[in-house]
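Accompanying notes for the structure given below.
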2 protein chains.
Amino acid sequence: MNQVPDVLNPACDSRTVLRHLTDRWAPLIVLALVPNALRFGELRARIGTITPKVLTETLRSMERDGLVVRTVTPSSPPRVDYELSELGRTLTTPVETLREWAESNVEAVLANRARYDCGHAATRGRTLLRT
Amino acid sequence: MNQVPDVLNPACDSRTVLRHLTDRWAPLIVLALVPNALRFGELRARIGTITPKVLTETLRSMERDGLVVRTVTPSSPPRVDYELSELGRTLTTPVETLREWAESNVEAVLANRARYDCGHAATRGRTLLRT
DNA sequence: ATCCTTGGTTACGTTGAGGTATCTGATATC
DNA sequence: GATATCAGATACCTCAACGTAACCAAGGAT
């Protein structure tokens with residue numbers, strides 16, 4: 001359909017894929033699954049603040065996209081493992097790159113915010129550049 | 001405060017930074033500004049579907065984080081240019097990496113979705129594995 | 001005079017992602 | 001029996017993000 005996918009083209013499906021990758025929890029799930037497969041409960045604990053409902057939803061949609069493989073072991077208490085698919089594993093680099101940026105630039109960003117908030121309490125509203 | 005920033009730690013600020021990077025429009029704005037600075041209207045046209053309100057909001061918060069520099073030229077019709085800051089430019093690689101993933105895997109993802117939707121229309125609801 | 005343009009602002013309405021709370025089904029253990 | 005475990009399901013609610021529509025100020029062009 002589209003000759004060359006282009007995220008900057010609003011009609012291109014790649015934009016929805018990008019959006020999906022940048023869902024609130026998807027990057028964290030990918031990061032959590034990079035080292036090894038995890039069970040539902042482990043994944044939940046690893047991420048810390050996600051609710052079971054949202055975790056299920058996000059995992060389902062990632063499974064649908066073929067990023068994650070869900071394996072059910074029908075034992076006495078059921079056991080369900082989630083792991084990155086082959087395609088999902090190719091996300092490792094992009095997501096890790098993002099993670100590294102975030103982690104190594106938190107301080108800078110927080111400092112910028114503080115400076116901005118401070119400076120704009122004074123110059124209130126109008127963009128200076130007088131004359 | 002935090003010794004080692006870790007996105008997988010719910011309390012770590014790096015998580016909010018990551019979340020901010022994955023705002024709906026932020027990645028697209030970064031991508032649009034990589035080649036060169038753009039005026040408000042150009043940026044809007046480049047992205048295609050963003051409303052002025054949301055564009056303003058997103059640009060303001062990116063300016064606050066020190067990712068984008070806003071330059072006002074008080075001419076007759078006002079002129080405002082937006083460009084990536086030095087810090088913002090360091091986002092080029094992470095975001096481009098994500099973009100490339102999205103663009104080169106759209107087809108695969110769409111195919112996976114189709115297969116999933118098809119296979120699960122039949123097996124409806126219950127996880128098979130009968131007996 | 002009036003219109004056009006640029007880069008917004010403001011007030012308002014909507015929606016869907018995400019959260020909360022409670023429940024289930026199958027075993028297994030106490 | 002009673003209770004715990006695991007992996008969710010379900011109903012319901014909230015809120016912040018996002019969208020829509022209208023408006024504005026200043027100067028230049030017509």
Side-chain angles (χ1 to χ4, degrees), chain A residues 10 15-16 19-29 32-33 37-64 68-83 120 124-131, chain B residues 10 15-16 18-29 32-33 37-64 68-83 120 123-131:
Chain A
R15 185 177 283 199
T16 77
R19 224 231 151 170
H20 205 91
L21 294 183
T22 60
D23 267 357
R24 171 150 205 190
W25 301 106
L28 297 179
I29 290 178
L33 292 181
L38 292 174
R39 306 178 56 171
F40 187 84
E42 293 169 334
L43 201 41
R44 209 185 149 185
R46 211 74 184 310
I47 292 180
T49 52
I50 194 171
T51 64
K53 183 202 159 198
V54 174
L55 181 54
T56 305
E57 285 172 358
T58 310
L59 284 170
R60 284 284 189 283
S61 88
M62 292 175 76
E63 193 195 355
R64 184 166 105 104
V68 151
V69 177
R70 178 170 180 268
T71 311
V72 180
T73 310
S75 49
S76 42
R79 175 195 181 96
V80 181
D81 287 276
Y82 292 94
E83 62 182 321
H120 284 249
R124 206 30 125 186
R126 285 301 86 209
T127 324
L128 38 166
L129 258 176
R130 70 285 176 74
T131 304
Chain B
R15 184 176 284 199
T16 76
L18 176 63
R19 224 228 149 171
H20 205 91
L21 293 184
T22 59
D23 267 357
R24 173 151 203 188
W25 301 107
L28 297 179
I29 289 178
L33 291 182
L38 290 174
R39 306 178 57 172
F40 186 84
E42 292 170 336
L43 202 40
R44 210 186 147 183
R46 211 68 182 314
I47 292 179
T49 52
I50 194 171
T51 65
K53 184 200 158 198
V54 175
L55 181 53
T56 304
E57 284 171 0
T58 310
L59 284 171
R60 284 285 188 283
S61 90
M62 293 177 76
E63 194 195 355
R64 184 167 106 103
V68 151
V69 177
R70 178 170 181 267
T71 311
V72 179
T73 310
S75 48
S76 42
R79 178 195 179 94
V80 180
D81 288 277
Y82 292 92
E83 61 182 322
H120 284 248
T123 41
R124 205 30 124 186
R126 286 300 86 209
T127 324
L128 42 167
L129 262 174
R130 70 287 176 76
T131 305

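Naming: A, B, ... by sequence-line order, numbering from 1 per chain.
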Looking only at non-hydrogen atoms, find the nearest pair between [X] and [Y] and report the distance.
X: B/A32; Y: B/L43; answer: CB-CD1, 3.7 Å
X: A/G48; Y: B/P10; answer: CA-CG, 3.9 Å
X: B/R15; Y: A/I47; answer: NH2-O, 3.0 Å
X: A/S61; Y: A/H20; answer: OG-NE2, 3.0 Å

Spacing of [atom1] belonging to [X] relative to [atom2] belonging to [Y], to within rounding of 0.5 Å:
X: A/L33; Y: A/L59; atom1: CG; atom2: CG; value: 7.5 Å
X: A/T58; Y: A/W25; atom1: OG1; atom2: CH2; value: 8.5 Å
X: B/R60; Y: B/E63; atom1: CZ; atom2: CD; value: 6.0 Å

* Structure fact -> Heavy-atom nearest nucleotide on DNA chain C taken for B/R19 and for B/R79; more 5' hit belongs to B/R79

Could you tell me the separation between the [atom1] atom of [X] and the [atom2] atom of [N], rounded to a whole number of Å?
X: A/L59; N: C/dA17; atom1: CG; atom2: P; answer: 16 Å
X: A/D81; N: D/dA7; atom1: CG; atom2: C1'; answer: 12 Å
X: B/W25; N: D/dC18; atom1: CH2; atom2: P; answer: 8 Å

* Counting only non-hydrogen atoms, which of residues 38-57 of chain B are less than 4.0 Å from DNA chain C? -> B/R39, B/F40, B/G41, B/K53, B/T56

* Asked: Given the rule in the salt bridge (Lys or Arg N to Asp or Glu O under 4.0 Å) test, do B/R46 and B/E42 qualify, once you have shown the distances and angles that lead to the verdict?
  -> CA-CA 6 Å; B/R46 211 68 182 314; B/E42 292 170 336; over 6 Å; no

* Asked: Does B/R60 have a side-chain nitrogen or oxygen under 4.0 Å from the phosphate oxygens OP1 or OP2 of C/dT9?
  -> yes

* Phosphate oxygens OP1/OP2 of C/dG16: is one of them under 4.0 Å from a side-chain N or O of B/R24? -> no

* Structure fact -> Its contact letters, B for base, S for sugar-phosphate only and - for none at protein heavy atoms under 4.0 Å, make nucleotides 24-30 of chain D read ---SS--

